[in-house]
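Read the structure below first, then the notes.
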There are 2 protein chains.
Amino acid sequence: MKNPRSLSDEALAQIARRFAVLSEPMRLRLLQAMFDGEKSVNELVDLTEGTQANVSRHLQTLAQAHMVGRRKEGLQVFYAISDPSIFKLCEMVCGSLEKQLARQAGAFA
Amino acid sequence: MKNPRSLSDEALAQIARRFAVLSEPMRLRLLQAMFDGEKSVNELVDLTEGTQANVSRHLQTLAQAHMVGRRKEGLQVFYAISDPSIFKLCEMVCGSLEKQLARQAGAFA
DNA sequence: TTACTATATGAGTATATGCTCATATAAAGC
DNA sequence: GCTTTATATGAGCATATACTCATATAGTAA
């Protein structure tokens, strides 16, 4: 019996990919660092305390997912959040985690 | 210079973990299959066309993340979505993907 | 040109996780 | 007890990806 799926395999793969991009703590740190506006790679390296190579790689991942935009200015490259849904997504996940952690002591104070 | 992060490493890891749970197409298929109510493992195997072993494993992952609940009735185990934020999360991701696709499509028009 | 700076990337390694096969566990009926 | 059915899980393999180190590329200035 063939089952009727409302979303194609292709669509599900894209949704999954999007969640995967958000599933690395370092990338979340980078997004968090960009919450108040665009930042150069070096600024992001300082803010996240990551290595330059690693920060650069994660920024490519975020850019390929169209979650951040790239602006070059001289030697520097500035990245900024380009998809406003990111903010809401993170809010929602934080919210449901807070509810879950309500029984325990929270790291979200 | 120490940077002030608004979310602890622990909190970021938990948020990342939550996104990771949603980053597998098979798990999204399972959630989609449960959108209209609870289902037994066998029903989910049929609906997703996966193997019993694999479906069972993914259900454990979803249950550990408190996204689905488990109810045992005789020989069968019924799973159901227990975290309503799942619906909104998927809606939002679908929405922002649609926008992206519309832009791409527009570029070819 | 050379030197310096900011960013990106190739190569290699380590770890995580998804999948399958086979088997284990649990519940019900005989 | 034994058998059947529904679900869970251990073991092993394959792949994906995060990380580091070293180097490449691009832009600026002398």
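The sequence lines fix the lettering, A, B, ..., with proteins before strands; numbering per chain opens at 1.
Within the structure, every side-chain polar atom (N or O) of Arg70(A) is placed at least 4.0 Å from both OP1 and OP2 of dT7(C). Regarding contacts with the backbone of dT5(C), every side-chain N or O of Gln76(A) stays at 4.0 angstrom or more from both OP1 and OP2. Residue Tyr79(A) has no polar side-chain atom (N or O) positioned under 4.0 Å from OP1 or OP2 of dA6(C). When the side-chain nitrogen and oxygen atoms of Arg71(B) are compared with OP1 and OP2 of dT7(D), none of them lie within a distance under 4.0 Å.
For the pair Lys39(A) NZ and dA6(C) P, the computed distance is 18 Å after rounding to whole Å. Here dA16(D) presents its P atom at 15 Å from CZ of Arg27(A), a figure rounded to the nearest Å. Atoms CZ (Arg29(A)) and P (dA18(D)) sit 14 Å apart, rounded to a whole Å. Note: CD (Glu43(A)) to P (dA6(C)) measures 11 Å, nearest angstrom. Rounding to whole angstrom units, CG of residue Leu62(B) and C1' of dA8(D) are separated by 15 Å. The separation between Leu30(B) atom CG and dT7(D) atom C1' is 14 Å, rounded to whole Å. Here dA18(D) presents its P atom at 13 Å from CG of Leu59(A), a figure rounded to the nearest Å.
Contact between Leu44(B) and Ala33(B) at its shortest, heavy atoms only, is CD2-CB, 3.7 Å. Closest approach of Met26(B) and Thr48(B) over heavy atoms only: CE-OG1, 3.6 Å.
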Checklist entry - Does the side-chain contact (heavy atoms from CB on, under 4.5 Å) test come out yes or no for Phe87(A) and Ile81(A), once each step is laid out? => result CA-CA 9 Å; Phe87(A) 299 103; Ile81(A) 295 178; 3.9 Å; yes

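Pairs passing the salt bridge (Lys or Arg N to Asp or Glu O under 4.0 Å) check and including a residue from residues 57-74 of chain A, sequence neighbours excluded, read Glu38(A)-Arg71(A), Arg71(A)-Glu73(A).
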Do any N or O atoms of the protein come closer than 3.5 Å to N or O atoms of nucleotides 13-16 of chain C, and which pairs are they?
none

Please enumerate all protein N or O atoms sitting under 3.5 Å from an N or O of nucleotides 19-29 of chain C, with distances to 0.1 Å.
residue : atom : partner  : partner atom : Å
dC19(C) : OP2  : Asn54(B) : OD1          : 3.1
dC19(C) : OP2  : Asn54(B) : ND2          : 2.8
dC19(C) : OP2  : His58(B) : NE2          : 2.4
dC19(C) : O5'  : Asn54(B) : ND2          : 3.3
dT20(C) : OP2  : Thr51(B) : OG1          : 3.3
dT20(C) : O4   : Arg57(B) : NE           : 3.2
dT20(C) : O4   : Arg57(B) : NH2          : 3.4
dA26(C) : O3'  : Lys72(B) : NZ           : 3.4

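Salt bridge status for Lys99(A) with Asp83(B): absent, with no side-chain N to carboxylate O gap under 4.0 Å.
For the side chain to side chain contact (heavy atoms under 4.5 Å, CB included) test with Leu30(A), the passing option among Leu47(A), Val68(A), Leu62(A), Val45(A) is Leu62(A); the others fail.
In this structure, CE in Met92(B) is found 9.5 Å from CZ in Arg18(A), a value given to the nearest 0.5 Å.
Listed for the Ser82(B) side chain is a donor-acceptor partner under 3.5 Å among the backbone atoms of Met67(B). Counting only distance, with no hydrogens or angles, the side chain of Gln32(A) and the backbone of Leu7(B) share a donor-acceptor pair below 3.5 Å.
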